[in-house]
Amino acid sequence: DGGITQSPKYLFRKEGQNVTLSCEQNLNHDAMYWYRQDPGQGLRLIYYSQIVNDFQKGDIAEGYSVSREKKESFPLTVTSAQKNPTAFYLCASRRQVANTGELFFGEGSRLTVL
Amino acid sequence: AQSVTQPDIHITVSEGASLELRCNYSYGATPYLFWYVQSPGQGLQLLLKYFSGDTLVQGIKGFEAEFKRSQSSFNLRKPSVHWSDAAEYFCAVGLTGGGNKLTFGTGTQLKVEL
């Protein structure tokens, strides 16, 4: 079945460490997105990519980095510069670059900084 | 910039009762509008979407939503709530340009009393 796979589902990190969250999709979607979810704040866009080898900052990109070397993969690195990284991270993809396409979401990765 | 407001943080209804979740948006043009549902620790699932045409849209699981341009609203409704509808609901608005991003509201947590 086609879908979006995020791993790991749970991740614990010590302060000062970088961590990378994986996002893989087999839907042949062009665009991919990373959102951060905190209680009471909804989803906030971190980075997005509309095409391979290109990506743009979202609303809260500071302390994060991404790459898009393959169409199906869009990993997110949470760097030590992110001051409050504990959150639920959601990866999503869209079938077409045009705005009418719905977002398909993975099941999320929960990062906890100890 | 566009924004989405979900004024109700928590709503509690009895099973079998009707439900209406409110969503208001701020955007200059006619937006693309979405409702998503999220179960605890999971990703988001699309309930329904509005792009154009009939302002009353039907979605999955018996949900519907009505787009009212004059009120800048896109409220979600269900005639009879089931206990399995307990979840968090997010309204989102899509840009018609500039990155094809979705902006999400802060969510409404629905509790269903048996």
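Note that the structure is a prediction, hence the values are computed from the model and not measured. Atom set for the values below is all heavy atoms of this structure, side chains included, hydrogens, waters and symmetry mates excluded. Letters go in sequence order (proteins before strands), and every chain restarts at 1.
- Classification of the A:Phe105-B:Tyr36 ring pair by plane angle, with boundaries at 30° and 60°, yields perpendicular.
- There is no side-chain donor-acceptor pair under 3.5 Å between A:Tyr35 and A:Arg44.
- Ring planes of B:Tyr50 and B:Phe67: parallel class, angle under 30° (limits at 30 and 60°).
- You'll find the side chain of A:Arg94 stays beyond 4.5 Å of the side chain of A:Phe104, heavy atoms only.
- The pair A:Asp30-A:Lys71 meets the salt-bridge criterion, since a charged nitrogen lies less than 4.0 angstrom from a carboxylate oxygen.
- Within the 4.5 Å cutoff, the side chain of B:Asp8 has heavy atoms near those of the B:Arg22 side chain.
- Using a 4.5 Å cut-off between heavy atoms, A:Gln56 makes no contact with chain B at all.
- Here the side chains of B:Leu21 and B:Ile11 are in contact, with some heavy-atom distance below 4.5 Å.
- Within the 4.5 angstrom heavy-atom criterion, atoms from both the backbone and the side chain of A:Leu43 approach chain B.
- Side-chain atoms of A:Ser73 and A:Glu24 include a donor-acceptor pair closer than 3.5 Å.
- Proximity to chain A is limited to the side chain of B:Leu46, based on heavy atoms less than 4.5 angstrom apart.
- Using a 4.5 Å cut-off between non-hydrogen atoms, the part of residues 77-90 of chain A that approaches chain B consists of A:Phe88, A:Leu90.
- Cation-pi geometry between B:Lys78 and B:Phe63 is met: the NZ or CZ atom falls under 6.0 Å from the ring centre, inside 45° of the normal.
- Neither the backbone nor the side chain of A:Gln6 has a heavy atom closer than 4.5 Å to any heavy atom of chain B.
- None of B:Tyr25, B:Phe51, B:Phe74 except one satisfies the ring-ring contact (aromatic ring centres under 6.0 Å, His included) rule with B:Tyr32; the exception is B:Phe51.
- Within residues 106-114 of chain A, the residues having any heavy atom under 4.5 Å from a heavy atom of chain B are, by residue number, A:Gly106, A:Glu107.
- Contact of B:Gln45 with chain A is not made at all, since no heavy-atom distance falls under 4.5 Å.
- You'll find the side chain of B:Leu44 reaches within 4.5 Å of the side chain of B:Phe104, heavy atoms only.
- For the pair A:Leu11/A:Leu21, a side-chain contact is recorded, criterion being any heavy-atom separation below 4.5 Å from C-beta on.
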